[in-house]
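Lettering follows sequence order; numbering is per chain, from 1.
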4 protein chains.
Amino acid sequence: MTRNAGSHGPTTAASIRRVGLKLIYEHGFNAMSLRQLAAEVGLQPASLYNHIRTKQGLLFGLVHDHMLALLEQSAQALAAAPQGDPVGRLRAFIAHHLLYHMEKKREVYIANFELRSLEPANYRIIVALRRTYEERLIALLEEGVAAGVLDVHDVPVTAYAILAMLTGACTWYKPEGRLSKPEIVALHTDLVLKGCLRTAEAPQGRGPDLSKLTGQPPLRRGNRPTPPAAGHEAPA
Amino acid sequence: MTRNAGSHGPTTAASIRRVGLKLIYEHGFNAMSLRQLAAEVGLQPASLYNHIRTKQGLLFGLVHDHMLALLEQSAQALAAAPQGDPVGRLRAFIAHHLLYHMEKKREVYIANFELRSLEPANYRIIVALRRTYEERLIALLEEGVAAGVLDVHDVPVTAYAILAMLTGACTWYKPEGRLSKPEIVALHTDLVLKGCLRTAEAPQGRGPDLSKLTGQPPLRRGNRPTPPAAGHEAPA
Amino acid sequence: MTRNAGSHGPTTAASIRRVGLKLIYEHGFNAMSLRQLAAEVGLQPASLYNHIRTKQGLLFGLVHDHMLALLEQSAQALAAAPQGDPVGRLRAFIAHHLLYHMEKKREVYIANFELRSLEPANYRIIVALRRTYEERLIALLEEGVAAGVLDVHDVPVTAYAILAMLTGACTWYKPEGRLSKPEIVALHTDLVLKGCLRTAEAPQGRGPDLSKLTGQPPLRRGNRPTPPAAGHEAPA
Amino acid sequence: MTRNAGSHGPTTAASIRRVGLKLIYEHGFNAMSLRQLAAEVGLQPASLYNHIRTKQGLLFGLVHDHMLALLEQSAQALAAAPQGDPVGRLRAFIAHHLLYHMEKKREVYIANFELRSLEPANYRIIVALRRTYEERLIALLEEGVAAGVLDVHDVPVTAYAILAMLTGACTWYKPEGRLSKPEIVALHTDLVLKGCLRTAEAPQGRGPDLSKLTGQPPLRRGNRPTPPAAGHEAPA
DNA sequence: AATGAATGAGTATTCATTCAT
DNA sequence: GATGAATGAATACTCATTCAT
């Protein structure tokens, strides 16, 4: 098998994306300058524009590609999990989420922290993709509740809580750190499942019964009026 | 009811802090300009310098005050909780953390997102305060484990996971939202406690035994070699 | 009489306008750079912005002030001319137009040549003022025609032709040139009047009768359907 | 009728000139970019350089060709006019000038407005051609004066005034406008001739006698010391 | 305490042009 | 004849900050 003509080594466009990712991660989108980027890639600033349309376009491209990859990988993870086993599917999602987030630490960081640097139109696109992703976990929790194996007070809020917890791991994770990836996955999986699994004994024994507290039935997808918008507000 | 002599409206310095907080929250520290700030306060840019030393000083002041308030309030919350009841103290901490974060949404957001905009010296001060705060939760978990009422695989990582989860709530919380503060507190308290409480039945039945997986004893404060650095790295 | 504090010598803002006028005249608005302007005024480029809002704002200010001055001076010239004497008023207008245009050569040049560099909103404002000015001459011609002392085939087109001719003088006029201002005024006044005055003998004897040529009655303000738009088209 | 082999559509070079003409006319030479031009022609910017030497070269080519065409057509117009009839020849020139200027509105506009964008060497060439053209009208007026049929106070200034007036027409002329070309020609011819023709009655009756005013004899080509430079000054 | 003016460093982006392919 | 990539120079404009008043 011969190598393609253009595939011997990183192309300039790929370098720009790679270095751009690094610089945005390290300094933030606003604090990073295209001069810096060009210098690190070994170009004059003007030459960047043969490969990107604008600085904003670079950011959007990075975040957008990340979102698509995240959705794609989550789909694959769920496709590989047995259909009839809600808990197994939830485990698969948790493992996927953690592994992707530990692997793509910088993409994830940018996608979360630089949302606000996106122009309104781009912002809407990314938030819609993120919403799609969140809905996957929400659907998983609802499956489990419907099957009677999970017990959560409020599905969407619990989903956001889980996502926040798992995503937090990529904040401090380092490959050379004390815990291995499988350990981290196991630990968080355990934490989440213990928090969500239906137990034989009455759950009230261990925690407050929310329906008592609020006088409302626990919310499910069906009667959820306006799910809380996760994440930061869009710029005005 | 008469008005106090000194309370007739915010002083200029306070206005600057208030508007600064809002603008940093809305646009980010780098994207917000002192011109904007001055305009919203009703001053010329040059006049700001009668009240702040530098833009960086404004940010540091906001974040620093927030950290002190957070530490102070957590101390009060724990002081009010019974000494001998680790689970009660954990509940108190969770409630305090959530309430503070929902109340001071913007301060919290800035303290988390704009850490990287702090100059190294300021960064170190804030991270040290944050570490102090994190250690309070770590201590609580260790108390509970020592008392045999909690069961966590790895105390510091679990602490970070809990903090990430709880802090995430202030991301989407809105006063006019679907859930009230007590509901949110109850829901998250339940989720955390179910995940951490020691159960009568064997926990292995519901989650993987991490000590099996890793071949190491569960870590506690004593044998923790290099605790994972929480949060984002400081700029170079 | 003591001098005002701020009036001893040209203020910075006035210098910017003066030098700006010169540079735009010499190089054209697009070809002139604010760096140049700043250098000639003796400022850093950034300092210009204490006195102008944008480069476009500078251009508009210059052109706008010129148009107002032109309208004001033409009003004064006509006010000083006897009411019942259309030819005398026409003479007054011609003299005013030529003198103003020879005096304010650069303002006039810019107002004519850099119209296209104006942003649409500014362009509309200036064109409206110019239209007002043109209408003054049109009204004068109509007065003369109504009084039976002028004879023109088409009032608006003749007005534009006269304006083009007179304005052309400022193109080549130089104070140190061969002809003095009064000579230039006399020459053009004569040329225009001879072209427009009603003569005792039949005018057909000297020129074509347009109404024969076109089969239409000569146009006057009354039946003028859509007056030709003088000047260059607005940018798209 | 069969199509010629070589005439199947404009060549690339011709497209560039055509689109270049349009863009310079619409936006001005400085404001128009070769990128724009390339895009409208359907090329990459680099490909333009297979057809033009530089942007300046494109401008010069357009203006130069226009000047040659103008000179050529004026020669033809005068060649067709009877030799011994100065007024007839003046009529011919006026008609030619107006028709050419209305037909080649954009070329004319560019040749007048973008003179200043020409490099000094190119500028001199074009101005020399224009001077040649102006001299044709000057010569015509002098012929008429010598023959005793025209009466102008100052030949060159009158010539410039006439040219300015006639050229002004192409500024507002539109094919779909209110007046047809023949009407416009007739109107302006009348205006010019009335202004220049020697009349039986004493002209002093209608206009000021310039020779009285200035105390100098009317200027003719012979005693003209320094003819006024028509048009705008070249950039330094 | 407030301000108008100034500044040096910096921003993203555009431009005409070149050149190897 | 066409192009993708590169470039050096330039552009208008913004920024945090200073300082005399």
Side-chain angles (χ1 to χ4, degrees), chain A residues 5-6 11-13 15-16 29-38 41-59, chain B residues 11-13 15-16 29-38 41-59, chain C residues 5-6 11-13 15-16 29-38 41-59, chain D residues 11-13 15-16 29-38 41-59:
Chain A
T11 144
T12 303
S15 296
I16 291 173
F29 179 71
N30 269 302
M32 162 266 224
S33 90
L34 290 188
R35 280 159 142 78
Q36 250 182 303
L37 174 53
V41 173
L43 288 175
Q44 294 298 319
S47 305
L48 292 177
Y49 288 84
N50 288 318
H51 306 279
I52 64 173
R53 277 215 350 108
T54 60
K55 193 188 181 193
Q56 168 76 202
L58 172 63
L59 173 62
Chain B
T11 125
T12 303
S15 295
I16 291 173
F29 179 71
N30 269 302
M32 162 266 222
S33 87
L34 290 188
R35 284 161 141 76
Q36 247 182 307
L37 174 54
V41 173
L43 289 175
Q44 293 301 317
S47 306
L48 293 177
Y49 288 84
N50 288 318
H51 306 278
I52 64 173
R53 280 232 331 122
T54 62
K55 194 189 182 194
Q56 169 75 205
L58 173 63
L59 174 62
Chain C
T11 141
T12 303
S15 296
I16 291 173
F29 179 70
N30 269 301
M32 161 267 223
S33 89
L34 291 187
R35 280 159 142 78
Q36 250 181 304
L37 174 53
V41 174
L43 288 175
Q44 294 298 318
S47 305
L48 293 176
Y49 289 86
N50 287 318
H51 305 278
I52 64 173
R53 278 221 341 114
T54 60
K55 193 189 182 194
Q56 168 77 203
L58 172 63
L59 174 63
Chain D
T11 125
T12 302
S15 295
I16 290 172
F29 179 71
N30 268 302
M32 162 267 223
S33 88
L34 291 188
R35 285 160 140 78
Q36 247 183 308
L37 174 53
V41 173
L43 289 175
Q44 293 300 319
S47 305
L48 293 176
Y49 288 83
N50 289 317
H51 305 279
I52 65 174
R53 281 234 327 122
T54 61
K55 193 190 182 193
Q56 169 76 203
L58 172 63
L59 174 63

D/Leu43 near the nucleic acid: base, sugar-phosphate alone, or nothing, with a heavy-atom cut-off under 4.0 Å? sugar-phosphate
Can you tell me how far the CG atom of A/Leu59 sits from the CD1 atom of A/Ile52, to the nearest 0.5 Å? 10.5 Å
For a 4.5 angstrom cut-off between non-hydrogen side-chain atoms, does D/Ile16 reach D/Leu43? yes
Any side-chain heavy-atom pair of A/Met32 and A/Leu58 under 4.5 Å: yes
With heavy atoms of chain A within less than 4.0 Å as the criterion, where does contact along DNA chain E begin and end? E/dT11 to E/dC15
Watson-Crick and G-U pairing of DNA chain F written in dot-bracket, each distance under 3.5 angstrom, with | for inter-strand partners: .||||||||||||||||||||
What's the CG-P distance between D/Leu48 and F/dT3, to the nearest Å? 10 Å
First locate atom OG of D/Ser15, then atom CG of D/Leu37, and finally report the distance between them rounded to the nearest 0.5 Å. 10.0 Å
CZ on D/Phe29 to NZ on D/Lys55, rounded to 0.5 Å: 4.5 Å
Min side-chain heavy-atom separation D/Leu34-D/Tyr49 under 4.5 Å: yes
Polar atom pairs (N or O), protein with nucleotides 10-13 of chain F, under 3.5 Å:
| unit_1 | atom_1 | unit_2 | atom_2 | d |
| --- | --- | --- | --- | --- |
| F/dA12 | OP1 | C/Met32 | O | 3.3 |
| F/dA12 | OP1 | C/Lys55 | NZ | 3.0 |
| F/dA12 | OP2 | C/Leu34 | N | 3.1 |
| F/dC13 | OP2 | C/Tyr49 | OH | 3.0 |
| F/dC13 | OP2 | C/Lys55 | N | 2.9 |
| F/dC13 | O5' | C/Tyr49 | OH | 3.3 |

Closest contact, heavy atoms only, D/Pro45 versus D/Arg35: CG-CG, 4.1 Å
Rounded to whole Å, how long is the line connecting atom CD1 of D/Ile16 with atom C1' of F/dG1? 11 Å
Could you give the CG-to-P distance, from D/Asn50 to F/dT3, as a whole number of Å? 9 Å
